[in-house]
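Each remark here refers to the structure printed beneath this line.
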Protein chains: 2
Amino acid sequence: MNIGEAAKVSGVSAKLIRHYEAIGIIPKASRSTSGYRTYADSDVHVLSFVKRARGLGFSMKEIKKLVSLWRNKSRASSEVKAMALAHIEQLEIKIKELEAMAKTLRHLAKNCHGDGRPHCPILENLEGH
Amino acid sequence: MNIGEAAKVSGVSAKLIRHYEAIGIIPKASRSTSGYRTYADSDVHVLSFVKRARGLGFSMKEIKKLVSLWRNKSRASSEVKAMALAHIEQLEIKIKELEAMAKTLRHLAKNCHGDGRPHCPILENLEGH
DNA sequence: CTAAAGCTTCCAATGATTAGAAGGTCAAGG
DNA sequence: CCTTGACCTTCTAATCATTGGAAGCTTTAG
């Protein structure tokens, strides 16, 4: 399989596959005589794994670790669970931040007439009342 | 006021003040004879405005627009409100994404023993069951 | 007069991804 | 056989907001 087909099957773009290889997320692909990267089903499997982990919001650094745990058949599940729990915590912090922003903005927007006049509580709030 | 004191008063780092000037968020500061940037209270006021807008999650592009609306005494509040509402929508989308991630991860973590054994539903899920 | 703190500019890194340029390779059809 | 187009290669650079450092000038305090 060339990189194009591996991209199609895994859902990870060819550009990104090369990038993942460059930064060591995935091992270096073997090459054909002409220098093209060659992929087996198992390689595509890793790419799909990475894609799913990204979909759960893990950073590439974390994914690198997850992949190595995945490949290590004698891993302790506690290590994976700890990563998941730590990540959940980060997600919850981020969610709270965004919710606080949205809450403030909703409050300000509600009090803004939104007409042709210049008076605007939103700007007043940003100004520091 | 030099940039250092403006940074202290506004809470925006000197580095960032220069950067904001370079990308046109704030007007070019006037200079002393020796070339140092000089700031008045009104300039610091703008910096605080920018900082608050950032705190609400607006992008610098949006903030540039907000600042110009703020300075335009004949603006229509509808324009500001529209930006706020659009931003609220983006925030809500992001929150939903993060919540979906957290939900999935919580479910997976709950089913993971988290002990010394290798069996791990989290990795199994990433693998594609 | 000198040391330290503060200022200047420019260049580079972060994190994940995308985009482009310039060129080599492969398969199919005329 | 040769061309066309799709695919591959590498390297460079853009995005976004911010931070960091280097090298050098200015100001302030002792």
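What you see below is based on every heavy atom in this structure, not just the backbone, and it leaves out hydrogens, waters and symmetry mates. To find a chain, count down the sequence lines: A is the first, B the second, and so on, and within it residues start at 1.
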Check your understanding: Looking across every strand, which nucleic acid part, if any, lies under 4.0 Å from Arg37(B) by heavy atom: base, sugar-phosphate, or nothing?
Key -> sugar-phosphate
Point to revise | Rounded interatomic separation in angstrom, taking NZ from Lys61(B) and C1' from dT15(D) | key: 12 Å
**Study point:** Lys94(A) NZ - dG15(C) P separation (whole Å)
**Key:** 15 Å
Point to revise | Rounded interatomic separation in angstrom, taking CZ from Arg31(A) and P from dG24(C) | key: 16 Å
Study note, to complete from the structure: For His119(A) and Ser77(B), the nearest pair of non-hydrogen atoms, with its separation, is O-CB, 3.2 Å
Review point. Just by distance, do the side chain of Lys94(A) and the backbone of Leu98(B) share a donor-acceptor pair under 3.5 Å?
Key: no
Exercise for review: Check every atom of dT8(C), dC7(D), dA19(C) against the side chain of Lys15(A) and return the nucleotide holding the closest atom.
Suggested key: dA19(C)
Review point. Is any side-chain N or O of Ser13(B) closer than 4.0 Å to OP1 or OP2 of dT19(D)?
Key: yes
Practice item. Mind checking Phe58(B) for me? I need base, sugar-phosphate or nothing, with any heavy atom below 4.0 Å counting as a touch. Key: nothing
**Study point:** Salt bridge present between Arg106(A) and Glu92(B) (N-O < 4.0 angstrom)
**Key:** yes
Revision key, fill the gap. Side-chain atoms of Ser34(A) come closest, of dT9(C), dT25(C), dT9(D), to dT25(C)
Practice item. Measure the distance from CD1 on Ile17(B) to C1' on dT8(C) and round it to the nearest whole Å. Key: 14 Å
Point to revise | Atom-to-atom span, NZ of Lys28(B) to P of dT9(C) - whole angstrom | key: 10 Å
Check your understanding: Is the shortest side-chain N/O distance from Tyr20(A) to OP1 or OP2 of dT17(C) below 4.0 Å?
Key -> yes
Review point. Given side chains that start at C-beta, do those of Met60(B) and Val50(B) come closer than 4.5 Å, heavy atoms only?
Key: yes
Point to revise | Interatomic distance where CD belongs to Glu21(B) and P belongs to dA17(D) [whole Å] | key: 18 Å
Check your understanding: Which nucleotide in the list dG24(C), dT18(D), dT9(D) gets nearest to the side chain of Tyr36(A)?
Key -> dG24(C)
Check your understanding: In the single-linkage hydrophobic clustering (I, L, V, M, F, W, Y; side-chain heavy atoms under 4.5 Å), do Tyr36(A) and Tyr20(A) co-cluster?
Key -> no
Study note, to complete from the structure: Considering only heavy side-chain atoms of Asn2(A), the closest of dT17(C), dC8(D), dC26(C) is dC8(D)
Review point. If you pin Ile23(A) and Ser32(A) to their nearest nucleotides in DNA chain C, which one's is more 5'?
Key: Ile23(A)
Review point. Touch check for Arg18(B), heavy atoms < 4.0 angstrom, all strands: base, sugar-phosphate only, or nothing?
Key: base
Exercise for review: Calculate the interatomic distance between Gln90(A) atom CD and dG15(C) atom C1'; express it in whole Å.
Suggested key: 15 Å
Exercise for review: Using atom NE2 of His19(B) as one end and atom C1' of dG20(D) as the other, report the distance to the nearest whole Å.
Suggested key: 14 Å
